[in-house]
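The chains referred to below are lettered A, B, ... by the order of the sequence lines, with proteins before strands, and numbering in each begins at 1.
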Protein chains: 2
Amino acid sequence: MPKKVDHEARREEISEALWRIASTRGLEGASLRDVAAEAGISLGRLQHYFRGKDEMLLFALRYINRLADQRIRERIEALPGEPSPRAVLRACLSGMLPLDDKSRIGVLVGAAYFARAIHDEGLRAEAKEGIPKLRAFFADQLRAAAERGELAPDRATDDEAMLLISLVDGLSAYVLLDVHTPEQAVRLLDLHLGNLFGGGEGAEVAG
Amino acid sequence: MPKKVDHEARREEISEALWRIASTRGLEGASLRDVAAEAGISLGRLQHYFRGKDEMLLFALRYINRLADQRIRERIEALPGEPSPRAVLRACLSGMLPLDDKSRIGVLVGAAYFARAIHDEGLRAEAKEGIPKLRAFFADQLRAAAERGELAPDRATDDEAMLLISLVDGLSAYVLLDVHTPEQAVRLLDLHLGNLFGGGEGAEVAG
DNA sequence: GTTATAACGGTACAAGCGACTTGTAAAAGC
DNA sequence: GCTTTTACAAGTCGCTTGTACCGTTATAAC
């Protein structure tokens, strides 16, 4: 047999090439040939690592979700001292916004997948997968905040969590459309958090 | 000359066929041939009314936006008596959610266009166009509410208006992905409005 | 050294795409 | 009634797409 190649690593390289195309031209404009060219490989090689286009798309989606998850986890752990629930939430939510090149590409690719997921059962299941966990995590933070007296105790934490997720998605969409600048999106997010937790204190946490 | 045909009406018929396809298979899966078949006409005839695909897409987008605008205007006028700013806002916002078949198709088509608008300057300009006016209208309602003492006077009305728009867009996306049912989306919207205006009073307005 | 096989590069192919051209029928204008 | 113009249907064009299928190389196993 010839040299053993790390298939997973190859697939990740190809996925990154796909992201680069999807974030500039959209998913629908990413043909197998384009992706192969962007990755600097032949079409034949790409086909060696992915049976078909769908398999490639699904792998790339799972991979980018995994990276985004990890990125946000690191943001939380990077918070100084014993961060308040509010600080944790702000770090998460602003990490979901397209603020820098990395996260912008992530959101861009996510938007491209979103459009396809609406009509594709497989992708839709994949897109929905992470929401409940995220929602539960946010709700936990809100409950912790309520216990510490930083949040009105009569707030419906589970619903407020979902509201936060929906809001960030809406804000992200408008940043992609250049309706907001990234800074405005953060400002609006902070406004909502201010309404939720009360007052402006807490907004000085770095983003 | 032969019988005079109402070009505008023909274009609207074709647009409606396009929506039907876009709402089930997505915009990218809507070829000129498919649209023509859905409209029950030949490809040649479709091309007689639209120079190219881009022109068709743009017309259909403007048309559906016009209809949505009109639909929401009617919702406001249908409100009983002298409606409160809160009731007006709720009618608008819930009208933007995909609650019935009509609005669902509208949002579905809007989502398809959104994905394309990210990478298409012309469509992006079209998608952005209505936002400032909507935002100003919402801000006016919020100011009116503040004057009537139904809203805390220190609220940043312009930002709160944008927050409402972003939230509804996020909620709509999650309804399309079957993360929320339409009912849950309305519940979350009402929760936000309750937070904004205070208390639960006002939530009894029909949707 | 032979062989089996993973790892390719290259090409061929049918299908579908948007755009364009041509042909034809019919009705309004003169 | 002849002409002109509109309203179509049908076909063709060049191109791109995803997929399938070669052929070749290189290396690990025996």
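- Under the salt bridge (charged side-chain N to carboxylate O under 4.0 Å, His left out) criterion, B:Asp54 pairs with no residue, sequence neighbours left out.
- Scanning for side-chain contact (heavy atoms from CB on, under 4.5 Å) contacts around A:Arg62 gives A:Leu58, A:Glu126, with sequence neighbours left out.
- Around CG of A:Asp101, the count of heavy atoms belonging to other residues, nucleotides or ligands within 6.0 Å does not exceed 12.
- Residue contacts for A:Leu32: at a heavy-atom cut-off of 4.0 Å it reaches a base atom on one of the strands shown.
- Applying the side-chain contact (heavy atoms from CB on, under 4.5 Å) criterion to A:Gln141, with sequence neighbours excluded, gives A:Pro85, A:Val88, A:Leu89, A:Phe137.
- The ring-ring contact (aromatic ring centres under 6.0 Å, His included) contacts involving residues 55-91 of chain B comprise B:Trp19-B:Tyr63, B:Phe50-B:Phe59, where partners must be two or more places apart or lie in separate chains.
- In terms of the side-chain contact (heavy atoms from CB on, under 4.5 Å) criterion, residue partners of B:Gln47 (sequence neighbours excluded) are, by chain and number, B:Leu32, B:Leu43.
- Rounded to a whole Å, the CD atom of B:Glu28 is 15 Å from the C1' atom of D:dT16.
- Non-hydrogen atoms lying under 4.0 Å from DNA chain D are contributed by A:Leu43, A:Gln47, A:Gly52, A:Lys53, all within residues 35-54 of chain A.
- Heavy-atom distances under 4.0 Å link DNA chain D to no residue of residues 12-23 of chain B.
- Put simply, CZ on B:Arg33 is 10 Å from P on C:dG16, counting in whole angstrom units.
- Annotation: proximity of residues 109-119 of chain A to DNA chain C (heavy atom, distance under 4.0 Å) is found for no residue.
- Every salt bridge (charged side-chain N to carboxylate O under 4.0 Å, His left out) that B:Arg66 has, sequence neighbours left out, goes to B:Glu12.
- At C:dA6, none of the side-chain N or O atoms of A:His7 fall inside 4.0 Å of OP1 or OP2 (strictly under the cut-off).
- Screening residues 166-191 of chain A for ring-ring contact (aromatic ring centres under 6.0 Å, His included), with sequence neighbours left out, gives A:Tyr174-A:His180.
- Atom CE of A:Met56 and atom P of D:dT17 are 12 Å apart (whole Å).
- Every residue was checked against the ring-ring contact (aromatic ring centres under 6.0 Å, His included) condition with A:Phe114, not counting sequence neighbours, and none meets it.
- Scored by the salt bridge (charged side-chain N to carboxylate O under 4.0 Å, His left out) test, A:Arg104 finds no partners at all (sequence neighbours excluded).
- The pair B:Arg124-B:Asp120 does not meet the salt-bridge criterion, since no charged nitrogen lies less than 4.0 angstrom from a carboxylate oxygen.
- When the P atom of C:dA6 is taken as reference, atom CZ of A:Arg10 falls 16 Å away, rounded to whole Å.
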